[in-house]
Engineer: 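Quick one: the structure is below, questions incoming.
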Amino acid sequence: MTHIDEETFFKEKGFGQRIGFGQRPAIVVVDFIKAFTDYRNPDLVLAANVDKQLLQTNRLIDASRLLRIPVIFTTVSYDDNLKDAGIWALKQSGLVTLRSGTDVVAVDSTLHREPGDTIIVKKYASSFFGTDLVSRLVSQQVDTVILTGCTTSGCIRATAVDAISYGFRPIIVEEAVGDRSEAAHKQSLFDLQAKYADVVSIETVLSYFQGMIA
């Protein structure tokens with residue numbers, strides 16, 4: 001079955017319906033930290049080239065400021081000899097590079113972060129699991145979670161699945177998410193669009209922001 005045939009098949013079965021934007025969005029920038037973005041450093045084995053995605057994320061952040069849309073950044077870091085990584089440390093040896101207090105777990109310095117922006121430290125793939133993200137979103141009456149970051153097949157996917165499970169509208173910005181594997185990236189976007197989230201262009205999100213101003 002070809003990719004086009006798969007799209008037709010899923011649509012005929014009722015998958016891929018549009019969730020749409022709500023009234024109060026937040027941007028969640030998932031794990032755009034040096035450990036994942038500085039691919040030029042050979043010691044950072046988990047990094048990938050997401051330069052373009054960083055630029056697109058900044059476009060979204062900049063557009064959100066006038067509307068006072070919350071911008072939340074996540075990082076992932078471990079201490080206590082990786083005991084706080086649990087069983088996951090057995091699956092990914094690269095987690096050892098994500099040491100708390102080191103500069104590699106800091107948010108990428110090219111991102112347009114402001115002092116009032118939230119930073120959430122997580123231990124696992126989802127930005128919701130084991131964090132206070134739900135409480136932060138609910139307290140600000142957020143109903144729409146706009147996702148950028150990495151990786152599409154890992155932390156973006158897990159965050160989107162949890163977002164819809166908690167009753168938020170997950171919106172994945174196609175140009176602003178990246179992965180170490182292009183095949184995994186494309187397949188994950190296809191599957192997320194079919195089942196869990198709206199995968200949209202950055203221009204669609206920027207138009208949505210413009211509509212909030214009008």
Side-chain angles (χ1 to χ4, degrees), residues 1-19 27-60 74-76 85 87-98 104-105 108 110-111 122-129 145-165 169-205:
M1 186 180 290
T2 66
H3 183 67
I4 295 176
D5 290 337
E6 287 178 350
E7 288 184 357
T8 302
F9 174 81
F10 272 75
K11 286 181 180 178
E12 289 176 349
K13 299 299 182 181
F15 290 92
Q17 301 297 306
R18 184 174 180 273
I19 297 170
I27 297 173
V28 178
V29 182
V30 180
D31 293 356
F32 268 162
I33 60 176
K34 184 176 179 181
F36 297 145
T37 62
D38 188 6
Y39 62 95
R40 297 174 182 86
N41 185 339
D43 294 329
L44 300 181
V45 296
L46 298 176
N49 186 346
V50 288
D51 289 348
K52 293 179 180 178
Q53 290 85 348
L54 289 166
L55 289 173
Q56 297 302 319
T57 295
N58 275 336
R59 289 182 66 196
L60 289 173
T74 76
T75 181
V76 55
I87 299 301
W88 204 16
L90 300 179
K91 192 67 176 176
Q92 294 191 51
S93 62
L95 295 184
V96 72
T97 64
L98 306 175
V104 301
V105 297
D108 190 290
T110 65
L111 289 173
K122 63 189 185 70
K123 304 294 180 180
Y124 297 97
S126 172
S127 301
F128 289 93
F129 186 83
V145 177
I146 298 171
L147 295 175
T148 79
C150 61
T151 62
T152 315
S153 60
C155 298
I156 294 295
R157 179 185 175 88
T159 299
V161 172
D162 276 359
I164 199 168
S165 300
R169 296 168 181 257
I171 307 293
I172 297 173
V173 187
E174 185 170 4
E175 300 93 334
V177 293
D179 205 295
R180 303 175 192 92
S181 163
E182 185 65 17
H185 171 73
K186 290 180 177 179
Q187 178 57 40
S188 295
L189 288 180
F190 176 84
D191 197 55
L192 285 163
Q193 169 61 31
K195 302 174 185 175
Y196 305 111
D198 283 359
V199 178
V200 305
S201 70
I202 189 169
E203 298 303 331
T204 298
V205 180

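Everything numeric in this text was worked out from a predicted model, so none of it was measured.
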Engineer: State, yes or no, whether a side-chain contact exists between Leu98 and Phe36 at a heavy-atom distance under 4.5 Å.
Structural biologist: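 The answer is yes, as the side chains (C-beta and beyond) meet within the 4.5 Å cut-off.
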Engineer: Side chain to side chain contact (heavy atoms under 4.5 Å, CB included) with Val76: which of Leu46, Val30, Ile33?
Structural biologist: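 The residue from Leu46, Val30, Ile33 that satisfies side chain to side chain contact (heavy atoms under 4.5 Å, CB included) with Val76 turns out to be Ile33.
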Engineer: Might you point out which heavy atoms bring Ala48 and Arg180 nearest each other, and give the distance in Å?
Structural biologist: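 Looking at all heavy atoms of both residues, the shortest contact is CB-CG, 3.8 Å.
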Engineer: So, the side chain of Asp198 versus the backbone of Val200: is there a donor-acceptor pair under 3.5 Å, distance only?
Structural biologist: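 No, the answer is negative, given that no donor and acceptor are paired below the 3.5 Å cut-off.
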Engineer: If only atom types and distance count, is the side chain of Thr148 paired as donor or acceptor with the main-chain N or O of Val177 below 3.5 Å?
Structural biologist: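 Side chain of Thr148 to backbone of Val177: no pair is present.
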Engineer: Which residues pass the salt bridge (Lys or Arg N to Asp or Glu O under 4.0 Å) test with Lys52, sequence neighbours left out?
Structural biologist: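 Once residues adjacent in sequence are excluded, Lys52 has no partner under the salt bridge (Lys or Arg N to Asp or Glu O under 4.0 Å) criterion.
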Engineer: What distance do Gln193 atom CD and Ile19 atom CD1 have between them, rounded to the nearest 0.5 Å?
Structural biologist: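 Nearest 0.5 Å value for the CD-CD1 distance: 8.0 Å.
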Engineer: Nearest 0.5 Å please: distance from the OG1 atom of Thr97 over to the CG atom of Asp43.
Structural biologist: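 If we round to the nearest 0.5 Å, Thr97:OG1 and Asp43:CG are 9.5 Å apart.
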Engineer: Anything under 3.5 Å between a donor and an acceptor, one on a side chain of residues 87-95, the other on a protein residue two or more places apart or in another chain? List them.
Structural biologist:
none

Engineer: Does the Gln56 side chain pair with the main chain of Glu175, one donor and one acceptor, at a distance under 3.5 Å?
Structural biologist: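 Not a single qualifying donor-acceptor pair exists.
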Engineer: What distance separates Glu174 CD from Gln53 CD, expressed to the nearest 0.5 Å?
Structural biologist: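 Answer for the CD-CD pair, Glu174 versus Gln53, is 10.5 Å.
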Engineer: Just how far is it from atom NZ of Lys186 to atom OG of Ser181, taken to the nearest 0.5 Å?
Structural biologist: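 With rounding to 0.5 Å, NZ (Lys186) is 10.0 Å from OG (Ser181).
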Engineer: Kindly compute the distance separating OG1 (Thr110) from CG (Leu54), expressed to the nearest 0.5 Å.
Structural biologist: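 The CG atom of Leu54 is 4.5 Å from OG1 of Thr110, to the nearest 0.5 Å.
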Engineer: Kindly compute the distance separating CZ (Phe128) from OG1 (Thr74), expressed to the nearest 0.5 Å.
Structural biologist: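 Reported to 0.5 Å precision, the distance equals 10.5 Å.
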Engineer: Tyr39: what forms a ring pair (Phe, Tyr, Trp, His ring centres under 6.0 Å) with it, not counting sequence neighbours?
Structural biologist: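 In terms of ring pair (Phe, Tyr, Trp, His ring centres under 6.0 Å), with neighbours along the sequence ignored, Tyr39 is linked to no residue.
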Engineer: Any ion pair linking Asp179 and Arg157 (charged N to carboxylate O, less than 4.0 Å)?
Structural biologist: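 A salt bridge is absent here (no side-chain N lies under 4.0 Å from a carboxylate O).
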Engineer: Start with the C-alpha distance between Thr152 and Leu189, add both sets of side-chain angles, then the distance that settles side chain to side chain contact (heavy atoms under 4.5 Å, CB included), and finish with yes or no.
Structural biologist: CA-CA 7 Å; Thr152 315; Leu189 288 180; 3.7 Å; yes
Engineer: Using side-chain heavy atoms (C-beta onward) and a distance below 4.5 Å, is Asp191 in contact with Tyr196?
Structural biologist: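 Yes, at least one pair of side-chain atoms sits under 4.5 Å.
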Engineer: For the residue pair Cys150 and Cys155, what are the closest heavy atoms and their distance?
Structural biologist: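 Where Cys150 meets Cys155 most closely, the heavy atoms are O-CB, 3.7 Å.
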Engineer: So do the side chains of Ile164 and Lys195 get within less than 4.5 Å of each other, counting heavy atoms only?
Structural biologist: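 Result no, sub-4.5 Å side-chain heavy-atom pair not found.
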Engineer: Answer whether the closest heavy-atom distance between the side chains of Ile172 and Leu192 falls below 4.5 Å.
Structural biologist: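 Sidechains of Leu192 and Ile172: in contact.
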Engineer: Do the side-chain N and O atoms of Ser127 and Thr159 include a donor-acceptor pair separated by under 3.5 angstrom?
Structural biologist: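 A pair is found: one side chain offers a donor N or O, the other an acceptor, under 3.5 Å apart.
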